[in-house]
2 protein chains.
Amino acid sequence: MKIGELARATDTKVETIRYYEGAGLLAPPPRTGGNYRSYGSDELSRLSFIRRARDLGFSLDEVRELLTLADDRDQPCGAVDAVASSHLATIERKIADLAQMRDELARVIGSCRLGKVGDCKIIQTLEPMRGAARG
Amino acid sequence: MKIGELARATDTKVETIRYYEGAGLLAPPPRTGGNYRSYGSDELSRLSFIRRARDLGFSLDEVRELLTLADDRDQPCGAVDAVASSHLATIERKIADLAQMRDELARVIGSCRLGKVGDCKIIQTLEPMRGAARG
DNA sequence: CTTGACCCTATAGTTGCTAGAGGGTGCATA
DNA sequence: TATGCACCCTCTAGCAACTATAGGGTCAAG
Ligand SMILES: [Zn+2]
Ligand SMILES: [Zn+2]
Ligand SMILES: [Zn+2]
Ligand SMILES: [Zn+2]
């Protein structure tokens, strides 16, 4: 399998595959006589794993860790759970931060009466000190 | 006001202020004899504006635009509203994406019985084809 | 006159790709 | 055989928005 086929099979760009190789997520595959990368089904599985993990928002570091953990099939899976749970906590924190942004932004936008810039509540929220501490 | 004071007054790192200058968000201020940047209250206001906008998640491009719009105090504020509303939509899209990640990840984590890695539902979710299309 | 806090520039690193330059390979076809 | 084309190769630079380092200069206090 050439890199383009692997790319199509996993919905990944060719450059991204080469990038994963450089980043140590995919081992350098054997090459053909013409120096083309040659992949088998193992690499297809591994890249699918990576892509699914990325879709769930795991960082490349976390993916690397999950891949390593996944190889010791007889180990307890507590470490896997730890990575996933800590990532879930990160996502929840991000959502909370964004929700706060959204609420404040919606409030500010809602208070705009579409008049002049000088009277716009959006602008006034951003520069609450104009005319105040001016020396 | 030296850059360090401005940094403390706006809860910004010194390097970030210099970065904003390079990025065209802050004009290059006058310098002292010793080549130190020297700021006044205008720059304090402007940097406060930038920081507040960044806290609301606006990109630097959007901040630049908002700053420009804010200077024409007599113009109608429709353009301001447009920037803010489109940014709000972006945030809401981000939240929706993250919420989907969170739900799926929580589901997957919830189905783990803390056994061996080979039986872990988290791992199995990521590599659903092991043993299937092999050979 | 030296210490120390602060300032300066310029450059590289971060994350996860993406895009381009400038070339080589391999197969079909005229 | 020559040409075209799709595909592949490496290397480098670019994106956002900083952050961090190296290697210096400035200034007030002791
Ligand atoms: Zn994570
Ligand atoms: Zn308005
Ligand atoms: Zn935005
Ligand atoms: Zn498990």
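Below, read A as the first sequence line, B as the second, and so on, with proteins coming before strands; counting in each chain starts at 1.
Listed by chain and number, the residues in a side-chain hydrogen bond (donor to acceptor under 3.5 Å, both in side chains) with Arg64(A) are Asp61(A) (sequence neighbours excluded). Take Arg52(B) and apply the side chain to side chain contact (heavy atoms under 4.5 Å, CB included) test, not counting sequence neighbours, and it matches Leu126(A), Pro128(A), Met129(A), Ser48(B). By the side-chain hydrogen bond (donor to acceptor under 3.5 Å, both in side chains) test, Asp11(A) is found to be paired with no residue, residues two or more places apart in sequence or in another chain being considered. Residues satisfying the side-chain hydrogen bond (donor to acceptor under 3.5 Å, both in side chains) criterion with Tyr36(B), sequence neighbours excluded, are absent altogether. In this view, Arg37(A) and Glu21(A) satisfy the side-chain hydrogen bond (donor to acceptor under 3.5 Å, both in side chains) rule, not counting sequence neighbours.
Between Phe49(B) atom CZ and Leu44(B) atom CG the span is 14.0 Å, to the nearest 0.5 Å. Note that the CZ atom of Arg51(A) and the CD1 atom of Ile17(A) stand 8.5 Å from one another [nearest 0.5 Å]. Rounding to the nearest 0.5 angstrom, the gap separating the CG atom in Leu25(A) from the CG atom in Leu47(A) is 9.5 Å. Note: Tyr20(B) OH to Leu60(B) CG = 5.5 Å, rounded to the nearest 0.5 Å.
Applying the side-chain hydrogen bond (donor to acceptor under 3.5 Å, both in side chains) test to every pair with at least one member in residues 22-31 of chain B, sequence neighbours left out, gives these pairs: Arg31(B)-Asn35(B). Residue pairs meeting the side-chain hydrogen bond (donor to acceptor under 3.5 Å, both in side chains) criterion with at least one member in residues 108-119 of chain A, sequence neighbours excluded, do not occur.
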Donor-acceptor contacts under 3.5 Å from residues 80-101 of chain A side chains, at least two apart:
unit_1: Ser85(A); atom_1: OG; unit_2: Asp81(A); atom_2: O; d: 2.8
unit_1: His87(A); atom_1: NE2; unit_2: Leu56(A); atom_2: O; d: 2.9
unit_1: His87(A); atom_1: NE2; unit_2: Gly57(A); atom_2: O; d: 3.3
unit_1: His87(A); atom_1: NE2; unit_2: Phe58(A); atom_2: N; d: 3.3
unit_1: Thr90(A); atom_1: OG1; unit_2: Ser86(A); atom_2: O; d: 3.0

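The outermost nucleotides of DNA chain D lying under 4.0 Å from heavy atoms of chain B, listed 5' to 3', are dA17(D) to dC27(D).
Looking at which nucleotide of DNA chain C each of Glu21(B) and Arg8(B) is closest to, the 5′-most match is held by Arg8(B).
Direction of the helix axis in the helix from dC1(C)-dG30(D) to dA30(C)-dT1(D) shifts by 40° between the two five-pair termini, rounded to 10°.
Near DNA chain C, meaning a heavy atom under 4.0 Å away, there are no residues from residues 87-100 of chain A.
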**Study point:** Annotated protein contacts, base or backbone, on nucleotides 12-25 of chain C with a non-hydrogen cut-off under 4.0 Å, one of B, S, - each
**Key:** ----BBSS----BB

